[in-house]
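To keep things clear, I will list the structure first and then write my remarks on it.
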Amino acid sequence: MRMPSNCLRLVVGVLALGGLVLWPAGCRSSTALDSRQTPAIIFDTDIGTDVDDAGALAILHVLVDRGEAEILATISANRNRWCAPALDVINTYYGRADLPIGCSRTGPDPEQWYHPSVGAFPHDLADSNAAAPAVALYRRILAARPDRSVTIVVVGWLTNMAELLESPPDRYSPLAGRELVAAKVKELVSMGGRWPNSPRDEGEYNFTMDKAAAYRVIRDWPGPIMFTGLGKDAMTGGRLVLQAPPGNPVPAFYRNFFAANQVSERSSWDLLAVLYAVRGLSSYFTAVTDGRCTAQPDGSHQWLPGAPSNHAYLAYRMSPPELAAVLEDLLLTPPSGYKP
Ligand SMILES: [Ca+2]
Ligand SMILES: [Ca+2]
């Protein structure tokens with residue numbers, strides 16, 4: 001088990017004591033401690049730049065099929081024209097063809113690994129510009145939900161979160177963005193950062209792709225954030241591309257990425273963020289909660305040990321290969337109602 005040195009002061013007693021709340025004063029509770037409530041999740045992604053986004057959305061659908069979570073929307077922070085169609089392909093395969101899809105109009109637009117396969121699978125959203133504008137969709141969904149009930153899992157850059165925070169009142173809610181987030185969002189799970197600190201003079205991909213957004217969200221987000229930088233050594237996709245049925249689009253996206261990069265499996269950063277967002281710490285993770293993250297405008301970040309804050313970051317409890325096996329089993333689980 002890999003564990004940063006300052007994990008020694010973790011509240012891992014929580015796990016050993018079966019969920020009895022022993023967090024220090026001022027320390028927030030975790031989804032792991034609140035298994036009574038099924039998390040209602042908005043999935044926010046930079047789908048296209050890497051293939052773990054497809055795997056992450058696939059396992060989220062499987063966990064929803066199992067009754068472990070509810071999915072409210074899938075939203076891209078990447079404005080590439082193929083992002084929304086790729087999301088629609090995956091949602092459709094898992095039986096949720098009408099799940100709301102949003103897309104940024106302002107985010108970065110890097111290379112796409114998915115588009116050669118999108119046309120081979122059923123979907124009805126032809127272009128990202130036909131998807132709802134991301135921030136408007138966030139505001140519509142959040143305004144209609146009970147207070148403190150929504151988990152947002154961001155497995156890409158933080159463009160949509162920054163714009164949501166700074167959004168004005170509109171026809172959906174009289175609240176400005178920061179107040180709307182404070183009222184409705186239970187937890188932001190951000191797959192970003194290298195913990196406890198980014199390497200000297202260097203940020204992390206999701207934070208540096210939109211540096212200004214990462215800086216503003218880390219500084220201004222009014223509620224709990226769990227940063228999950230884990231997954232580099234949890235390799236998945238190898239069994240998926242060999243064993244999944246031909247109608248499954250997710251292994252097709254993996255094959256595109258594998259061929260372009262001459263690899264046969266891929267790290268699982270985004271899948272682990274989803275696993276945490278749905279199942280909490282479980283037996284998989286521990287959380288470092290004593291301190292807070294500070295970010296710089298250049299996209300770098302640093303963990304400052306100290307009193308518990310609204311920030312925490314995730315550490316391994318289970319080994320990366322064991323976690324990879326959990327994830328690959330979920331990737332190979334067919335949609336509910338699937339008939340070969
Ligand atoms: Ca659709
Ligand atoms: Ca991603």
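Order of listing sets the numbers, starting from 1, for every ligand and every atom in it. In this text, all values refer to a predicted model and were calculated from it rather than measured experimentally.
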- Item | Lys/Arg N to Asp/Glu carboxylate O, D329 vs R239, below 4.0 Å | yes

- Message: For Y276 and F285, take the angle between the two ring planes, folded into 0 to 90°, and tell me which bin it lands in: parallel under 30, tilted 30 to 60, perpendicular over 60.
- Response: perpendicular

- Message: Restricting to under 3.0 Å, identify the protein N, O or S atoms around the Ca ion (ligand 1) as residue plus atom.
- Response: D88 OD1, D88 OD2, A97 O, D124 OD1

- Note on the structure: Result, protein N, O or S atoms below 3.0 Å from the Ca ion (ligand 2), excl. waters, equals 5

- Pick out which of R96, H123, H61 makes a side chain to side chain donor-acceptor pair (under 3.5 Å) with N91. H61

- Whether S268 side chain and G231 backbone form a donor-acceptor pair below 3.5 Å: no

- R66 vs L330 side-chain heavy atoms within contact, under 4.5 Å: yes

- Residues D50, R266: salt bridge by 4.0 Å N-O rule: yes

- Task: Could you walk me through whether F257 and W113 pass the ring pair (Phe, Tyr, Trp, His ring centres under 6.0 Å) test, one step at a time?
- Result: CA-CA 6 Å; F257 183 89; W113 300 109; 5.6 Å; yes

- Item | pair V185-L142: side-chain heavy atoms closer than 4.5 Å | yes

- Item | Side chains of N206 and W269 in contact at under 4.5 Å (non-hydrogen atoms) | no

